[in-house]
Amino acid sequence: FPVTITGAEGFEPTILSRCQVFDFHRISIESAVTQLRKICANEGITAEEEALHVIAQKADGAMRDALSIFDRIVSFSGKNVTYKDVILNLNILDYDYYFRAVDFMVANDLANMLVLFDEVLTNGFDAQHFLSGFADHIRNLMMCKHPNTIKLMEVAQSVAQKFMSQSAQCSQGLLLNALNLLNKCELEYKASKNPRLHVELYLMKLCHIQSVLDAAGLKKKS
């Protein structure tokens with residue numbers, strides 16, 4: 001039954017001395033993936049590395065959630081768990097969308113950037129979902145810029161190699177400006193009366209960053 005203790009300050013040391021304290025921490029992506037691999041081995045399930053990483057990321061540090069998601073995916077796809085099955089079941093945008101978006105940004109290819117965004121909306125994804133994923137992608141590209149921060153990318157090794165390759169094609173200035181724009185776009189999104197146009201305007205700005213940086217570089221040299 002509930003008990004109310006007055007003057008709890010005086011009782012606290014005594015109470016704590018009789019308690020066993022457990023500190024719970026967020027489980028890392030790699031630890032969750034390792035546990036999922038063990039389950040796959042025990043249950044005779046074949047799973048793609050990228051698929052397990054996406055499940056672990058979606059669980060956000062909770063192993064119970066990772067196991068629940070994994071069970072749902074296995075019920076959906078059987079003994080062969082693929083990356084495609086996972087993103088389809090969890091309604092997650094494929095990494096490929098963001099790799100293509102960055103390529104368009106670097107190339108100042110506004111037309112294809114807008115077509116890609118239309119494809120995202122046509123496939124039933126929310127614009128804010130796209131913005132959030134795009135910002136995470138740029139963040140990962142920034143992590144590739146220094147050996148000490150590469151480990152902060154919690155993705156499968158095969159995907160990490162793609163990030164490394166694309167990061168080498170992007171200047172740090174480009175990535176930092178892109179991240180600032182995406183963050184601003186996301187903050188202002190809900191207040192916009194025309195959300196689609198709002199996002200498209202920022203995508204136009206993203207495709208203009210490289211031109212601005214190039215012009216600034218030429219001006220500095222002259």
Side-chain angles (χ1 to χ4, degrees), residues 29 33 36 47-60 65-66 68-78 80-142 153-156 158-163 165-167 169-170 175 178-179 181-209:
I29 299 293
V33 170
L36 291 174
E48 293 179 355
E49 193 72 5
E50 292 178 20
L52 297 182
H53 269 82
V54 171
I55 292 172
Q57 287 167 5
K58 192 70 175 177
D60 194 26
D65 290 346
S68 177
I69 295 169
F70 181 74
D71 286 342
R72 193 203 323 169
I73 300 298
V74 171
S75 298
F76 172 77
S77 59
N80 184 29
V81 178
T82 67
Y83 169 71
K84 291 293 184 183
D85 285 340
V86 171
I87 63 173
L88 177 63
N89 190 274
L90 298 180
N91 198 35
I92 295 172
L93 270 170
D94 193 335
Y95 286 122
D96 181 62
Y97 280 104
Y98 302 119
F99 281 111
R100 287 162 57 199
V102 171
D103 285 341
F104 297 147
M105 181 177 70
V106 173
N108 301 333
D109 192 344
L110 174 59
N112 276 318
M113 178 72 90
L114 294 178
V115 169
L116 181 143
F117 180 54
D118 180 71
E119 184 182 333
V120 168
L121 298 179
T122 300
N123 287 336
F125 291 98
D126 181 73
Q128 196 165 16
H129 181 95
F130 171 72
L131 290 172
S132 179
F134 200 174
D136 283 341
H137 187 94
I138 299 295
R139 178 259 185 194
N140 281 337
L141 292 175
M142 286 288 287
M153 274 198 311
E154 297 180 316
V155 298
S158 58
V159 180
Q161 291 301 321
K162 292 180 182 178
F163 275 110
S165 177
Q166 188 169 68
S167 178
Q169 302 170 30
C170 306
L175 296 176
L179 199 54
L181 282 174
L182 286 167
N183 183 56
K184 188 176 180 183
C185 181
E186 196 169 0
L187 288 173
E188 297 173 354
Y189 180 81
K190 288 185 178 180
S192 174
K193 293 182 179 179
N194 189 336
R196 175 166 184 158
L197 180 59
H198 175 75
V199 176
E200 288 176 338
L201 176 61
Y202 272 90
L203 292 178
M204 294 175 194
K205 291 179 179 181
L206 287 173
C207 289
H208 193 56
I209 294 173

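All values below were derived from every heavy atom in this structure, side-chain atoms included, with hydrogens, water molecules and symmetry-related copies excluded. In this text, all values refer to a predicted model and were calculated from it rather than measured experimentally.
Judged by distance alone, with hydrogens and angles left aside, the side-chain atoms of Ser132 form no donor-acceptor pair with the main-chain N or O of Gln128 at under 3.5 Å. Using modelled atom types, one side-chain atom of His198 and one backbone atom of Cys185 make a donor-acceptor pair closer than 3.5 Å.
Remark: Met153 CE to Leu141 CG distance equals 8.5 Å, nearest 0.5 Å. Annotation: the span from Arg139 atom CZ to Asn183 atom CG amounts to 14.0 Å, rounded to 0.5 Å. Between the CG atom in Asn123 and the CG atom in Asn91 there is a gap of 10.0 Å [rounded to 0.5 Å]. Taking OG from Ser68 and NZ from Lys58, the interatomic distance works out to 12.5 Å, rounded to the nearest 0.5 Å. Residue Leu52 holds its CG atom at 12.0 Å from CD1 of Ile69, rounded to the nearest 0.5 Å.
Under the rule for a ring pair (Phe, Tyr, Trp, His ring centres under 6.0 Å), the partners of His129 that lie at least two apart in sequence or sit in another chain are Phe125. Under the side chain to side chain contact (heavy atoms under 4.5 Å, CB included) criterion, Glu48 pairs with Ala51, Thr82, Tyr83, sequence neighbours left out. Annotation: ring pair (Phe, Tyr, Trp, His ring centres under 6.0 Å) contacts of Phe99 (sequence neighbours excluded): His137, Phe163. Under the ring pair (Phe, Tyr, Trp, His ring centres under 6.0 Å) criterion, Phe104 pairs with no residue, sequence neighbours left out. A search for ring pair (Phe, Tyr, Trp, His ring centres under 6.0 Å) contacts involving Tyr189 returns nothing, not counting sequence neighbours.
Of the residues listed (Asp136, Leu131, Ile138), the one engaging Phe134 in a side chain to side chain contact (heavy atoms under 4.5 Å, CB included) is Ile138, and it is the only one.
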Please list, one pair per line, the donor and acceptor atoms closer than 3.5 Å that link side chains of residues 106-119 to other protein atoms, with sequence neighbours excluded.
residue, atom, partner, partner atom, Å
Asn108, ND2, Ser211, OG, 3.1
Asp109, OD1, Asn112, N, 3.2
Asp109, OD2, Asn112, ND2, 2.7
Asp118, OD1, Arg196, NH2, 2.8
Glu119, OE1, Arg100, NH2, 3.2
Glu119, OE2, Tyr97, OH, 3.4

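Side chains of Asn140 and Tyr98 form no contact here, defined as non-hydrogen atoms less than 4.5 Å apart. Considering only heavy atoms from C-beta on, Leu182 comes within 4.5 Å of Leu206 through its side chain. Side-chain atoms of Leu93 and Val120, non-hydrogen and from C-beta on, do get closer than 4.5 Å to each other.
We find that Lys84 and Asp94 are joined by a salt bridge, their nearest charged nitrogen and carboxylate oxygen being less than 4.0 Å apart.
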Derivation of the side-chain contact (heavy atoms from CB on, under 4.5 Å) call for Gln57 and Val155: CA-CA 8 Å; Gln57 287 167 5; Val155 298; 3.8 Å; yes
Does the pair Glu188 and Tyr202 meet the rule for a side-chain hydrogen bond (donor to acceptor under 3.5 Å, both in side chains), with working shown? CA-CA 11 Å; Glu188 297 173 354; Tyr202 272 90; 2.8 Å; yes
His53 and Val159: side-chain contact (heavy atoms from CB on, under 4.5 Å), yes or no, with the steps? CA-CA 10 Å; His53 269 82; Val159 180; over 6 Å; no
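Contact between Gly78 and Val81 at its shortest, heavy atoms only, is O-CG2, 4.2 Å. Minimum heavy-atom separation, Val199 to Ala127: CG2-CB, 4.2 Å. Asp85 and Ser77 get closest at one heavy-atom pair: OD2-CB, 3.1 Å. For Ile55 against Ala66, the heavy-atom pair with the smallest separation is CG2-O, 3.6 Å.
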